[in-house]
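Residue numbers start at 1 and run along the sequence shown.
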Amino acid sequence: MQIVDWIVLSITLLFIVLYGAWKTRGSKNVEDYIKGGNESKWWTIGLSVMATQASAITFLSTPGQAFHSGMGFVQFYFGLPIAMVIICLVFIPIYHRLKVYTAYEYLEGRFDQKTRTLTAILFLIQRGLAAGITIFAPAIILSAVLGWDLITLNIIIGVLVIIYTVSGGTKAVSVTQKQQMAVIFAGMFVAFYLILQYLPDDITFTKALEIAGASDKMKVLDFSWDLNNRYTVWTGILGGTFLMLSYFGTDQSQVQRYLSGKSLRESQLGLIFNGLLKVPMQFFILLVGVMVFVFYQFNPSPLNFNPKSGEAIANSNFETIEQYVKLEEQHRFIEGRKKALIFEGLTPENVAQIQEFNEQDKVLKEEAKTIISEVDPLVETNDKDYVFIHFILNNLPKGLIGLLLAVILSAAMSSTASELNALGGTTAIDLYKRNTKIEYSEEHYVKMSKWFTLGWGILAILVACVANLFDNLIQLVNIIGSIFYGNVLGIFLLAFFIKYVKGNAVFVAAIITQLIIIVVWYIDLLPYLWLNALGCGLVMLLATLFQTLSKDN
């Protein structure tokens, strides 16, 4: 990175932090701090909802996901528009009519206090873990760029977010997210444009899509019922709808975004705006990853994109280095043959050879991962999350590197701020205020919300410091959500639609369901997206059964 990149990065991040803290200073009551004074317009809500979901993981992992596996991941979001319509028709009117501060307040009136507390705790567990991961993701980036250790970076990023989130609450999060989304959209469009410019002169965008298709990167739709396939149309529509209903309808980090709406209509329009824009946005981010793949069909790529892997090999013994160099030579040979075949023309015979070379290259990369793990077991060999950052650092001009890093860090800050804001608000309202017998002043609850937000921020930093890369960061966040979200969604659906079911039955059913889902996930019985539907259906079935068998009818 050059000085100009540091200037662009520093100015962007400092402006967001200082602007958010200054613009929203002086919240004196719970209404202002947790619900932002109910002043948000629909476009602010829509962008805030989108920014909350679009963490750094989205811009770090999604291009890498497309690079390795193609466009199929977009099917994960097919249930989102369906979920947005259901939430606008069912969830939002109830929340607005009852004037709740958190989604879980509603459950006490419908069931009882212990059900409200349990649901709030389930949210706090999964969102607290996720907040740590959203800090950890950008720390990986800066670790690769600066060579700093991850713990230091986790602390720096976490503290930046804590400053304006604790200071301004919900309003600070919403205000800053508009600037963050502007930076994000600008940066991603610039990156996409430059990738196309870097392709050979005779490779048009249409031709680039054909090249990607020759390597099976453009398969968007999969209608199979194979449970071993994580991303199909059916998992997206069924599992995705349940996940999105749970996330946007019951997760306080999202509910808090649209509870700040100026009116019921503004909140509904904000969610519809998000539903219309989110799938195209994710499609575009995946397409950026596919274009990075096409770029590397004409330019050398490393066997493993994690820079730490190269360092580990360089510090190993002579025999290991020699073995790894041979793999790199075979990798370069395959790259050269594929490039020649592309220039010859994408005839059926050439496409078949390209796909055969891709399979051979996968074998080489797996062998490389084995060698890296033997040399240093602590080095992460799964390099999906390093693909896009490798391209940024090695190919973009001065200034734009700083902008793209600002994109990823802005996304991290926006998502983490929403999470900490929701964690602090939920703890203050659903646990602290509800379980203290003394009635304190508004200023006291605002102060406690700030202290709880600070506490969750520190805990998120600690989680980030012990986190490790999973199969893929974006998958890890969704796996954590899927373990808890289905159960929580089922509790809310029982509250909305099955009126004769009461608190005791729901409470017991929720505990049993959560234990079952954890076991199903641990033994890998189902793809994680199906856990949402299973958890939702199971808690509803068990609660209905328990209530039917109960004397309390």
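When all heavy atoms of L494 and T544 are compared, the closest pair comes out as CD2-OG1, 4.1 Å. Between L493 and C536, the closest heavy-atom pair is CD1-SG, 3.6 Å. What you find for L286 and A66 is that their closest heavy atoms are O-CB, 3.1 Å.
Dense packing is recorded around CG of L431, with more than 12 heavy atoms of other residues, nucleotides or ligands lying under 6.0 Å away.
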Exercise for review: Evaluate the side chain to side chain contact (heavy atoms under 4.5 Å, CB included) criterion for residues V288 and M188: first the C-alpha distance (whole Å), next the side-chain angles of each, then the deciding distance (0.1 Å), finally the verdict.
Suggested key: CA-CA 8 Å; V288 169; M188 293 306 291; 4.2 Å; yes

Point to revise | N274 vs M84, side chain to side chain contact (heavy atoms under 4.5 Å, CB included): CA-CA, chis, key distance, verdict | key: CA-CA 8 Å; N274 174 65; M84 294 300 96; 3.5 Å; yes

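Using a 4.5 Å heavy-atom threshold, the side chains of D430 and T119 count as separate. Proximity of N154 to C465: side-chain heavy atoms (C-beta onward) are separated by under 4.5 Å at one or more points. Counting heavy atoms from C-beta outward, W521 and I479 have side chains that approach closer than 4.5 Å. With a 4.5 Å cut-off on side-chain heavy atoms, I87 and Q268 do not count as touching. Looking at heavy atoms from C-beta onward, K447 lies out of side-chain contact with H444 at the 4.5 angstrom threshold. Using a 4.5 Å heavy-atom cutoff, the side chains of Y258 and V255 are in contact. By the 4.5 Å heavy-atom criterion applied to side chains, Y106 and F111 are not counted as neighbours. The closest side-chain heavy-atom distance from I285 to P63 is below 4.5 Å.
If you take CD1 on I272 and CD1 on I45, they are separated by 12.0 Å, rounding to the nearest 0.5 Å. For the atom pair CG of L538 and CE of M540, the computed distance is 11.5 Å after rounding to the nearest 0.5 Å. Taken to the nearest 0.5 Å, the CD1 atom of I516 stands 12.0 Å off from the CD1 atom of I511. Rounded to the nearest 0.5 Å, atoms OH (Y432) and OG (S449) are 10.0 Å apart.
Ring geometry for F273 versus W42: interplanar angle over 60°, hence perpendicular rather than tilted (30 to 60°). Between Y247 and Y485, the two ring planes are tilted [angle within 30° to 60°]. The aromatic rings of F76 and F73 sit parallel to each other, their planes meeting at less than 30°, with 60° as the upper class boundary.
For Y500 and Q547, the side-chain atoms include no donor-acceptor pair closer than 3.5 Å.
Every residue meeting the side-chain contact (heavy atoms from CB on, under 4.5 Å) condition with V233, not counting sequence neighbours, appears here in chain and number order: Q75, F78, L221, F223, I237. Remark: K114 engages D112, N504, F507 in a side-chain contact (heavy atoms from CB on, under 4.5 Å) (not counting sequence neighbours).
The only member of N487, V520, L525 that meets side-chain contact (heavy atoms from CB on, under 4.5 Å) when paired with L531 is V520.
If you look at F91 and F496, their ring centroids are closer than 6.0 Å.
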